[in-house]
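Residue numbers begin at 1 in each chain, while the letters A, B, ... track the order of the sequences. Hydrogens, waters and symmetry mates are skipped; everything else that's a heavy atom, side chains included, is used.
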Amino acid sequence: MNKDRYNGKESFEEWKKEWQLEDRYNFRTIESKWQKIWDEEKAYKVEIDKSKEKFYALVEFPYPSGAGLHVGHPRSYTALDVIARKKRMQGFNVLYPMGFDAFGLPAENYAIKTGVHPAVSTKANIANFTRQLKSLGFSFDWDRCISTCDPEYYKWTQWMFIQLFKKGLAYKDKIAINWCPSCKVGLANEEVVNGCCERCGAQVVRKNKEQWMVAITKYADRLIDDLDDLDFIERVKSQQINWIGRSEGAELDFELTDNDGKVLDGKKLKVFTTRPDTAFGVTYMVMAPEHQYVKELMSRFENPDEVQAYVEETAKKSDLQRTADDSKTGVELKGIKAKNPFNNELIPVFISDYVLTGYGTGAIMAVPAHDQRDYDFARKFNLPIIQVLEGGDISEKAWEEDGAHMNSGFLNGMNKEDGIKAAIEYARKSGFGNSKVNYKLRDWVFSRQRYWGEPIPMVYCEHCGWQPIPESELPLTLPEVPDYHPNDEGESPLSKAGAWLETTCPKCGGKARRETDTMPNWAGSSWYFLRYCDPHNDKEFASKEALEYWMPVDWYNGGMEHTTLHLLYSRFWHKFLYDCGYVPTKEPYRRRTSHGMILASNGEKMSKSRGNVINPDDIVDSYGADTFRLYEMFIGPFDQVAMWSEESLMGVYRFVNKVYGLFKKVSETEKALEKDLRAMHKCIKEVTERIDQMKFNTAVSSLMTYVNYLSDKEKIAAELYETLIRLLCPFTPHLCEEMWARMGHEELAVTALWPQFDQNLAEDSVVTIAVQLCGKMRGTIEMPKDAAREDVEKAALSLENIKRQTEGREIKKVIVVPNKIVNIVAA
RNA sequence: GCAGACGUGGUGGAACUGGUAGACACGCCAGACUUAGGAUCUGGUGGCGUGAGCUGUGAGAGUUCGAGUCUCUCCGUCUGCACCA
């Protein structure tokens, strides 16, 4: 017998004497007692058990920052903890793991400031997070805890990168990347918010650098199409689709010529357009200032100085400056023309910064009559505007709606769809173009000029180029470096790692140098849910058996801010592993939900600088973990933002104490009446359904209603109270565990069975029916459930109120909605 | 500008396929009780009206026996994307 459970007493009887004297709920001793017992008995440890149905609940693992847990974290963790606990009580084999996304910039910045090695501070932070998470009583299987900065973990992240490289999906390229001059680091498109660094807010500039890239664009179509079968909340789906930005159109070649129409050999200007059918309305062409032809043709221009000046001016601008100002600027490339392949007309060519180098081909055909941007530009530079779609007035602005084609040769009279088809067909036959799909999504910039990340397991050999290190040498561990500063040239601190850098080429055995960039912290989090399935495996990242049993994740909850970052990356990464045959499912997550943020009581974001941060430790200390958990579930609709309110928290605190106090009224001899059972079954039904629907706030109000009902009673039948304890257990496990033990149960409450409801008892036997006169409420009648229509009608018409008000009026019609309403329509 | 979500008491928010608007909680008011505790308990609480009653879900119209819910127009808030050809 576990003496801990009886507060050190020898028997249940002796312990009973102790708590019978207690009046108030002492959450401090009770919560820590059960946390210790759960820990010792490994109550949440889970193994593969094929006799049971599995359920994999997942929350985004935190970055272990020095600030500790934020009140936002437990909103997500408690929600899925409630779901995991309920599923466990319903007999599922539940995997609910936790770990740490431990590589990242703050640890490195801290190291720069203090000299403390990131590994040291990260370890301390993980210990603090673990303590905090345990103090909240989450049912994580701590034996499966992982950390992305652990070499045993990042060995596999590196291994997966090598697989990407081998399949040609990881490549080194010199491109203009987003460069944060403050962090001195390259950023992925997804990390740039409004032209600024997501992390520090500095304006991002373009910088040409050799970078490791990962070809996520190869998966663009599948990342869109496979969303169809997934149970993701709509805004996640639409944001991902929007971000990938698929658009169908055509690529067309426009030959470049000199002023007299003599074709310049090999210089065809390729453009992408979604409307090839408007080609007869093209009156000029525009290239991005970065376009390679600008450099290549410079000697031909009659105004090279002007062109060069514009190119330089554009290069100096940040992306933000470039997009903030939408007035059109540009320079004509004098001395060259483009030839419209549809009508062989010669048209001028410009450079302008409204054409982006990163999208399509970096050049456009301009149709000012039907595109507002082209229209603005044409007006400013006095270029002709030719209408080719009927229906609009183009004297003031572009006509961007649909209309039959005009001034368009063989396309005249066609609608949009046919016109596009015909134009592409013509281009294809004539050999100057074809249909083409374009994406806003860019390949993933995978290099970071940083210390605290996974080393990229590649070496450069003069003879053999980039080579992956042999897989037997993994993990390639992070070397020690004299200091953690990146330099202004954008070289990683690893470039100072001395002897570590020098190695031999795995192919030719000659001299080779290691890559010094590290991976972005989205790398480790792209596959962590796979490692949870088999976290201690040193032969594979996870065994086939474990992956086949546990995958996919059944329910994944996390922040909206990760929709186009982590969530997209990890779906891609997973699909890649699937294609290689390493994972059994083509998608990692079956269901994805998202919680709303928790704001300070005045509606502002909680932040250190505003000084309005609520520390979970303080709340646990003052009110207990159960109150904290329950409050976060009661605070409002789970998917919406919520404001922290200590006063509302008090209400929940009272409720928790009330449940404790109710125990005194529980009587073994008391029998539950039918009315009691109806209240109970109704509560079971509502709580069960509402948890599944993620309506935690109303699930809690059902429990409150039931508790209010019970507290009106003199004595409470044991059955009624036990059911309450089981229903409440996922929300407030410590309290429930204690009360469950006091009810005399030897097994843990967290392993108890989830109550079932009886549909007949969950509904009322007597219903209150509203009586309306011409749609206005006049009174109510009590009727047995499913009473006959005539009886209901009769009862309604005999209501005092109705009699009085219908006197002398003709009753035209009586509408009876069973068990709901009677509407009497009178003249 | 584009896309999406939303708008309900003093406050957070309930209301399943159109069917008693305001569940549950906070706050407030009145009372009880007390070895004073973050007390607790009882009753009340959308607005107007002594009352029967009237009125009420951002504004206006419409469909319907009946609209918070459906349709249209407008106003407002939030989120995401933003010169994507």
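Ranked by how close their nearest RNA chain B nucleotide is to the 5' end, A:Asn801 and A:Met704 are led by A:Met704. Two residues, A:Val767 and A:Ile815, neighbour RNA chain B, and the one matched to the more 5' nucleotide by heavy-atom proximity is A:Val767.
Of the candidates B:U42, B:C41, B:C24, the closest approach to any side-chain atom of A:Asp712 belongs to B:U42. Of the candidates B:G13, B:A15, B:C83, B:G13 carries the atom nearest the A:Pro637 side chain, counting heavy atoms from C-beta on. Of all nucleotides listed (B:U20, B:U42, B:C81), B:U20 comes nearest to the side chain of A:Thr768. Here B:G80 is the nucleotide among B:G80, B:A23, B:C83 with the atom lying nearest to any side-chain atom of A:Gln239. For A:Arg778, the side-chain atoms get nearest to B:C54 when compared with the rest of B:G27, B:G66, B:C54. For A:Tyr623, the side-chain atoms get nearest to B:G38 when compared with the rest of B:A21, B:G38, B:A23. The listed nucleotides are B:C24, B:A85, B:G19; the one nearest the side chain of A:Phe272 is B:A85. Side-chain atoms of A:Phe634 lie closest to B:G12 of the nucleotides B:G38, B:G12, B:C26. Among the nucleotides B:C16, B:C24, B:C81, the one closest to the side chain of A:Lys820 is B:C16. Nearest to the side chain of A:Asn242, among B:C83, B:G19, B:C81, sits B:C81.
Screening A:Asn434, A:Val437, A:Thr361 for a side chain to side chain contact (heavy atoms under 4.5 Å, CB included) with A:Glu251, the sole residue that qualifies is A:Thr361. For the side-chain hydrogen bond (donor to acceptor under 3.5 Å, both in side chains) with A:His595, the lone residue among A:Thr78, A:Asn557, A:Asp639 that qualifies is A:Asn557.
Taking the syn range as angles within 90° of 0, the glycosidic angle of B:G13 is outside it, so the base is anti.
Salt bridge A:Glu60/A:Arg592: present, at least one basic N to carboxylate O contact under 4.0 Å. Between A:Glu714 and A:Lys665 there is no salt bridge, since no side-chain N of the basic residue sits under 4.0 Å from a carboxylate O of the acidic one. Comment: A:Glu248 engages A:Arg246 in a salt bridge, judged by a side-chain N to carboxylate O separation of less than 4.0 angstrom. With respect to A:Lys794 and A:Glu790, no salt bridge is recorded, no charged nitrogen being found less than 4.0 Å from a carboxylate O.
Straight-line distance from the CH2 atom of A:Trp243 to the P atom of B:G4: 19 Å, rounded to whole Å. The nearest whole Å value for the distance from the CZ atom in A:Arg75 to the C1' atom in B:G12 is 12 Å.
Spacing of C1' atoms, B:U57 relative to B:A52, comes out at 26 Å, to the nearest Å. A distance of about 34 Å separates the P atoms of B:G19 and B:G80, rounded to the whole Å. Going from the P atom of B:A59 to that of B:A25 covers 29 Å, rounded to whole Å. Rounded to a whole angstrom, the distance from the C1' atom of B:G43 to that of B:C54 is 26 Å. On the C1' atoms, B:A23 is 13 Å away from B:G12, given to the nearest whole Å. Here, B:C65 and B:U20 have their C1' atoms 16 Å apart, quoted to the whole Å. Comparing the same atom, C1', in B:G66 and in B:A82 gives a spacing of 45 Å after rounding to whole Å. Rounded to the nearest Å, the gap between the C1' atom of B:A21 and that of B:A15 is 7 Å.
Between A:Arg235 and B:U79, a side-chain N or O to OP1/OP2 separation shorter than 4.0 Å is absent. Taking side-chain N and O atoms only, A:Arg690 has no distance below 4.0 Å to OP1 or OP2 of B:C24. Remark: A:Thr698 is not in phosphate contact with B:A23, judged by side-chain N or O atoms under 4.0 Å from OP1 or OP2. Considering only side-chain N and O atoms, A:Asn823 lies nowhere under 4.0 angstrom from the phosphate OP1 or OP2 of B:U64.
A:Asn708 and A:Lys658 share a donor-acceptor pair across their side chains, judged by distance under 3.5 Å alone.
Counting non-hydrogen atoms under 4.0 angstrom, A:Asn438 reaches nothing in the nucleic acid. Backbone-only engagement by A:Gly651 is indicated by non-hydrogen atom pairs under 4.0 Å involving sugar-phosphate atoms exclusively. Contacts of A:Gln772 with the nucleic acid, taken as non-hydrogen atoms under 4.0 Å apart, include base atoms. Nucleic acid contact for A:Thr705: sugar-phosphate only, since backbone atoms but no base atoms lie under 4.0 Å from a heavy atom of the residue. Looking at heavy-atom distances under 4.0 Å, A:Lys328 makes contact with a base. Residue-level contact check: A:Asn708 touches the backbone only, with heavy atoms under 4.0 Å from sugar-phosphate atoms and none from bases. No engagement by A:Val286 is indicated, since no non-hydrogen atom pair under 4.0 Å with the nucleic acid exists. Across all strands shown, A:Val817 has heavy atoms under 4.0 Å from base atoms, whether or not it also approaches the sugar-phosphate. Within 4.0 Å (heavy atoms only), A:Thr273 reaches sugar-phosphate atoms of the nucleic acid but no base atom. When heavy atoms are screened at a 4.0 angstrom cut-off, A:Ser622 is found touching base atoms of the nucleic acid. Among the protein residues, A:Ile635 comes within range of the sugar-phosphate backbone only, with heavy atoms under 4.0 Å from sugar or phosphate atoms but none that close to a base. At the heavy-atom level, A:Lys695 lies under 4.0 Å from the strands shown only through sugar-phosphate atoms.
With the 3.5 Å cutoff on both pairing distances, Watson-Crick and G-U pairs in RNA chain B assemble into runs of at least 3 at B:1-7 with B:75-81, B:10-12 with B:24-26, B:27-32 with B:40-45, B:46-48 with B:53-55, B:58-62 with B:70-74.
Side-chain rings of A:Phe27 and A:Tyr623 stay apart, their centers remaining 6.0 Å or farther from each other.
Judged by the 6.0 Å and 45° rule, A:Lys328 forms no cation-pi pair with A:Phe377.
Minimum interatomic distance between A:Ala338 and A:Phe254 (heavy atoms only, all atoms of both residues): CB-CB, 4.4 Å.
Side-chain atoms of A:Lys440 stay outside donor-acceptor range of the base of B:C81, with no qualifying N/O pair under 3.5 Å.
Within a 6.0 Å sphere centred on CD of A:Glu417, other residues, nucleotides and ligands contribute 12 heavy atoms or fewer.
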